[in-house]
Amino acid sequence: MMRALEHEQVDVLFGYPGGSIMPTYDALYDHKKTLNHILVRHEQGAVHAAQGYARVSGKVGCAIVTSGPGATNTITGIADAMMDSTPMVVICGQVGVAMLGTDAFQEVDVVGVTSPVTKWSYQIRRAEDVAWAVARAFYIAKSGRPGPVVLDFAKNAQTGMVDYQPASADFIRSYEPDPDMNLEDIQKAAKMINDSVKPFVLVGQGVELGNAREELKAFLEKADLPCGTTFLGLSAIESDHPLNMGILGMHGNLGPNVMTNKCDLLIAVGMRFDDRVTGNLNTYAKQAKIIHFDIDRSEFNKNVKVDLAVHGDCKKTLAAVTALLEKTTHRSWIDGFKPYDEKEYNKVIDKALHPKDGPLLMGEVVRKVSEAANNEAILVTDVGQNQLFACRYFKFTKPRSVVTSGGLGTMGFGIPAAIGATFGAPDRTVCLFCGDGGLQMTIQEFGTIMEQGAPVKMILLNNNYLGNVRQWQEMFFRRRYSFTPMVNPDYELIAKGYGIPAKTVVEREELDAAIQEMLATPGPYLLQCAIKEEDNVMPMTPPGANIDEMLLEC
């Protein structure tokens with residue numbers, strides 16, 4: 001197993017040992033120089049760290065755990081990786097083949113449990129199959145639309161003897177990870193774009209996953225196409241690019257959402273028309289023709305019926321369409337976004353970034369951290385208001401700079417994912433924004449940060465509430481704050497117990513200096529900011545409403 005992982009050029013493993021994976025850990029003892037194992041404090045931390053590593057590095061993340069509860073503790077991270085198309089291989093220990101089905105100690109049907117939330121789940125029953133299974137697992141995880149793979153490693157297969165022979169995989173019958181382009185579809189797409197007067201491009205994470213950032217820019221710039229991004233696609237194009245109109249969806253920007261229902265051609269690239277992006281499907285972009293670029297055929301017409309599906313790797317399909325586009329301008333159409341931008345700025349953004357008095361606001365903290373890091377840092381978020389504010393007000397100039405739990409919305413994702421990001425991009429600053437709720441879900445990973453000296457810059461936006469649920473209770477449940485107020489511990493004291501420098505900021509006048517201290521301090525740092533308790537993320541499209549029916553205030 002160790003030699004097979006080395007053959008796949010794995011350099012970092014995140015894991016936690018136990019009885020049924022002990023032979024593998026014993027072998028790992030002799031491979032410590034080539035396989036850097038990071039001991040997490042909980043198996044959920046291992047998979048989220050592998051996700052963070054994969055998202056910023058573009059490589060396959062790898063986690064290794066024991067059987068039974070060790071394996072089941074990874075399910076949340078595996079499901080999260082499946083929803084967000086994150087390439088990851090999880091190796092789980094398992095009881096010996098002779099004991100399968102006997103309810104042996106720490107036996108769980110891992111393949112049965114994980115099959116619905118993986119690209120492939122396979123039980124290795126013989127030592128002879130290890131190299132083959134590892135090669136196949138990494139090929140499946142990273143090819144096509146990426147995703148998680150689970151290898152259930154029976155104990156007898158770990159201890160069996162076999163002459164190691166390297167294995168490689170680049171073909172699986174009936175699996176088509178890199179489909180051929182249909183030239184007729186490419187020509188149709190180009191004609192539809194050339195004929196459009198009011199085109200609008202929706203940019204998803206598929207652009208980053210396909211390493212198609214430059215192809216996207218060439219595509220947009222040649223035909224002067226305005227675009228909006230999903231949360232996961234935020235760093236697929238620079239925040240200040242003149243054709244970037246902002247964020248799509250429930251907590252996105254007003255202009256992109258309104259103009260979605262005014263364009264004559266909607267062009268989706270590497271995104272899946274999630275319900276948080278579309279709002280009410282019955283009224284979503286009904287006036288527009290729709291082109292959908294995606295590598296995953298199953299996404300076509302799944303949520304939104306499209307006029308043209310362009311199947312293939314967007315790095316290739318975008319380039320092919322761009323070659324057929326006419327050099328043109330859509331200035332009058334693009335200018336139509338400005339009134340909505342100004343309205344949102346005056347009613348929401350200016351107040352969020354430049355409060356005159358009162359407690360600290362999440363938006364101002366996020367923007368100040370982003371600017372202090374020259375808008376070049378990697379953003380990692382937990383889930384909740386911290387995530388929404390961070391994605392709205394952090395700025396991006398570099399690719400692979402967003403690590404957030406999009407599809408599954410996993411609280412507790414932030415700390416371990418940020419740890420993984422520091423190993424996946426050791427030369428970059430990693431800024432984690434989290435709330436007081438999500439922080440406590442994986443706070444044990446402070447131990448991993450302590451042991452590794454992982455340079456995570458943690459910004460705790462503490463409003464003493466489960467903030468996002470509280471906002472919904474305020475807006476839709478008549479301020480009946482049912483079990484959302486939080487009684488919190490002394491986070492600064494806890495951090496210092498783990499040897500992590502920490503500071504708490506209450507007054508606005510202290511914020512700039514505290515951020516500079518955090519960024520200048522080598523290694524990890526916890527900056528706790530006391531936030532206004534009823535600080536709400538706006539604009540917001542209410543659940544079930546039309547995407548252009550955004551509320552600018554509660």
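There is a side-chain donor-acceptor pair under 3.5 Å between T404 and Q387. Neither side chain, D84 nor Q51, offers a donor N or O lying under 3.5 Å from an acceptor on the other.
To the nearest 0.5 Å, atoms CZ (F433) and NZ (K457) are separated by 13.0 Å. L526 CG to F446 CZ: the interatomic distance, rounded to the nearest 0.5 Å, is 5.5 Å. Note that CG of N386 and CD1 of I531 are 10.5 Å apart. Values are rounded to the nearest 0.5 Å. Interatomic distance, CZ of R470 versus CE of M475, reported as 10.0 Å (0.5 Å rounding).
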Which atom pairs, one a donor and one an acceptor, fall under 3.5 Å between side chains of residues 406-426 and the rest of the protein, sequence neighbours left out?
residue, atom, partner, partner atom, Å
T410, OG1, D80, OD2, 2.7
T422, OG1, I419, O, 2.6

Under 3.5 Å, which donor-acceptor pairs do the side chains of residues 66-75 form with other protein atoms, sequence neighbours left out?
residue, atom, partner, partner atom, Å
T66, OG1, S20, N, 3.1
S67, OG, S20, OG, 3.0
S67, OG, Q106, O, 2.8
T72, OG1, G68, O, 3.3
T72, OG1, P69, O, 3.2
N73, ND2, E43, OE1, 2.9
N73, ND2, P69, O, 3.2
T74, OG1, A71, O, 2.5

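In this structure, the ring of H251 has its center no less than 6.0 angstrom from the ring center of F231.
F476 and W472 have perpendicular rings, their planes meeting at more than 60° on a 0 to 90° scale where under 30° would count as parallel.
With contacts defined as side-chain heavy-atom distances shorter than 4.5 Å, the pair L202/T230 does not qualify. Counting only heavy atoms from C-beta outward, the side chains of Q94 and V110 approach each other to under 4.5 Å. Using a 4.5 Å heavy-atom cutoff, the side chains of M458 and I449 are in contact. Using a 4.5 Å heavy-atom cutoff, the side chains of F273 and K302 are not in contact.
The two residues V203 and C227 make their nearest non-hydrogen contact at CG2-CB, 3.9 Å.
Within a 6.0 Å sphere centred on CZ of R428, heavy atoms belonging to other residues, nucleotides or ligands number more than 12.
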side-chain contact (heavy atoms from CB on, under 4.5 Å) between N536 and Q385, intermediate numbers included: CA-CA 8 Å; N536 291 327; Q385 286 184 318; 3.9 Å; yes
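Electrostatic pairing of R41 and E451 counts as a salt bridge here, judged by a charged N lying under 4.0 Å from a carboxylate O. A salt bridge links R508 with E364: the distance from a Lys NZ or Arg NE/NH1/NH2 to an Asp or Glu carboxylate oxygen falls below 4.0 Å.
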